[in-house]
Structures are given as structure tokens and as C-alpha cells.
Amino acid sequence: MTASSPFGQSVGTRAALTPGSSGRRSFPWAIGGSYGRVSAYLREKRTSPRPVTAQPPAPRVVTRWILSRPETLTEIEQLRLKAVLANCPELDALTGHVRSFAHMLTERQGERLPQWLDAVRQDDLPSLHTLAAGIDRDRNAVIAGLTLPWNSGVVEGHVNRIKMLKRQMFGRAGFALLRKRVLLAP
């Protein structure tokens, strides 16, 4: 650009505010400044580099790490989970309670439920307090479910299948056809 240019002096410098000048400063990125040009200009003018920080893992990923068996996590996942838990004591306490309950569930140790409930109540985790209150309302049934080998999985599967058939048949035919499909379906 020339000195007689309406945009001021050369690219990269500001026009001096001198008597008789328009009082405007000339910025090279202000002239037809696309995002790339503005970014390049600002990158040149920065005095210190940006600090490099690792992006924290997504909540869904941390949830998966907490709910997974520790031995199934890769070494990198274990290290990242350890770093997350070191920065958040509430998540650390939650992880301990979740894994303790999972162990109680998989090993059928329902007799440990009262101690687990007491440990949950001692921590400041409101969501787990709500869970503990719900378990307390039907404690004997929960202990039986955690201890006994019987379950209602087969019945629940049939109920789920019947509900699916009912949804498929909604508004298409009468009760007689629905009855036949429920009784004759495999």
C-alpha cells in the first residue's frame, strides 16, 4: 500500500495519530479480514505460546471406566481414570461404592448390604443417599435378590415379548388376532 492509500500505511503497522490525520488506526485484518487472516495476524502478535493442556475425558467415558471391571481397562484407561479420581474426591468415593456394590452383586453377598448402606450414608453423595433410601424401603427383597440364585428373568422376557407384540398390533386388528399371536408365537 502506498502512503496515499485510503487505508493508511503498510501492512503490519498502525497509522500514527498525527495532527491532520483522520484519527483512525489502520489494522491489516480490518480490510477484507477473513477468519484466517485475523487468526494469522493475531498469531504473529502473540508474545507467549498457548499452554498445552490435555482435554478432559467425556463424562460418558468416565462413567464407562467406573462401571467396568478394573481388570478389563487398558493401562492407559486406568491411568486416565486414576488422574480423574485424584482431581475429584466425590468421584473417587462414588467409584468405591459402585465397585463394592458390583462385587456384592456378582459374588451373591447380600449379607454385606447393611454395611454398604452405612458406608454410603457416611459420604456426602446425595444421589447415593436417594438410592440407599429406596433400597431401605424393601431391604429384605433386595438382600434376597443379591443372595439367592433364583430370578424372574424368564418371566420378564415373556412380558417384554408380549408388550412388543401389543405395540406391533396397535390399531391394526382386534383382540382375537393379538391373542393368537401371543399364544402361537415362539
Side-chain angles (χ1 to χ4, degrees), residues 35-36 39 50-186:
Y35 178 80
S39 177
R50 265 191 264 176
V52 178
T53 58
Q55 186 173 358
R60 184 179 299 233
V61 173
V62 175
T63 302
R64 185 183 63 78
W65 292 341
I66 291 172
L67 294 176
S68 297
R69 291 178 186 249
E71 61 271 8
T72 62
L73 296 175
T74 66
E75 188 175 332
I76 294 171
E77 290 173 336
Q78 288 177 0
L79 290 173
R80 292 194 69 196
L81 176 61
K82 194 174 188 178
V84 168
L85 297 180
N87 290 323
C88 185
E90 291 86 5
L91 269 181
D92 193 25
L94 176 73
T95 301
H97 293 308
V98 166
R99 290 187 174 164
S100 173
F101 190 83
H103 182 72
M104 191 173 28
L105 180 67
T106 56
E107 301 297 322
R108 298 202 180 278
Q109 298 175 345
E111 63 277 354
R112 291 182 42 212
L113 183 67
Q115 293 87 7
W116 184 84
L117 290 171
D118 292 338
V120 164
R121 287 191 186 96
Q122 289 174 2
D123 284 331
D124 186 25
L125 300 168
S127 297
L128 281 184
H129 292 178
T130 305
L131 174 67
I135 289 174
D136 264 341
R137 278 185 239 131
D138 207 4
R139 183 184 281 215
N140 291 335
V142 174
I143 290 174
L146 290 172
T147 308
L148 300 174
W150 302 291
N151 63 48
S152 60
V154 174
V155 174
E156 292 297 329
H158 285 297
V159 169
N160 191 27
R161 181 181 60 83
I162 290 170
K163 285 181 178 181
M164 183 215 35
L165 288 171
K166 183 180 172 185
R167 278 193 294 275
Q168 286 177 343
M169 299 291 294
F170 183 75
R172 296 193 180 160
F175 180 73
L177 182 59
L178 175 63
R179 182 174 183 273
K180 284 182 183 179
R181 282 199 67 190
V182 168
L183 293 176
L184 299 176

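- Crowding of E71 atom CD: a count of heavy atoms from other residues, nucleotides or ligands under 6.0 Å exceeding 12.
- For the atom pair CG (L177) and CE (M169), the distance works out to 3.5 Å, reported to the nearest 0.5 Å.
- The distance from atom CG of L165 to atom NZ of K163, rounded to the nearest 0.5 Å, is 13.0 Å.
- The two residues R99 and I66 come nearest to each other via the heavy atoms NE-O, 3.6 Å.
- Residue W116 holds its CH2 atom at 15.0 Å from CD of E111, rounded to the nearest 0.5 Å.
- Note: T72 OG1 to Q78 CD = 8.5 Å, rounded to the nearest 0.5 Å.
- When side chains are defined from C-beta on, R161 counts as touching H158, because their heavy atoms get closer than 4.5 Å.
- Going from atom CG of L183 over to atom CG of L178 covers 9.0 Å, rounded to the nearest 0.5 Å.
- Checked options I135, T147, D118; the residue passing with L113 is I135 (criterion: side chain to side chain contact (heavy atoms under 4.5 Å, CB included)).
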Can you give the donor-acceptor pairs under 3.5 Å from side chains of residues 122-130 to other protein atoms, not counting sequence neighbours?
from: D123; atom 1: OD2; to: H97; atom 2: NE2; distance (Å): 2.5
from: H129; atom 1: NE2; to: V120; atom 2: O; distance (Å): 3.3
from: H129; atom 1: NE2; to: D123; atom 2: O; distance (Å): 2.6
from: T130; atom 1: OG1; to: P126; atom 2: O; distance (Å): 3.1

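- The minimum heavy-atom distance between P57 and V84, with the atom names listed, is CG-CG2, 3.8 Å.
- Atom CZ of F101 and atom OG1 of T106 lie 10.5 Å apart (nearest 0.5 Å).
- Considering only heavy atoms from C-beta on, R139 comes within 4.5 Å of L117 through its side chain.
- Of the possible polar contacts, none joining the D92 side chain to the C88 backbone as a donor-acceptor pair under 3.5 Å is found.
- Scanning both residues, P149 and R108, for their nearest heavy atoms gives CA-CZ, 3.8 Å.
- Checking side-chain atoms of S68 against main-chain N and O of R64 turns up a donor-acceptor pair under 3.5 Å.
- For CG of L184, the number of neighbouring non-hydrogen atoms (other residues, nucleotides, ligands) closer than 6.0 Å is greater than 12.
- Remark: Q168 CD is packed, more than 12 non-hydrogen atoms of other residues, nucleotides or ligands lying under 6.0 Å away.
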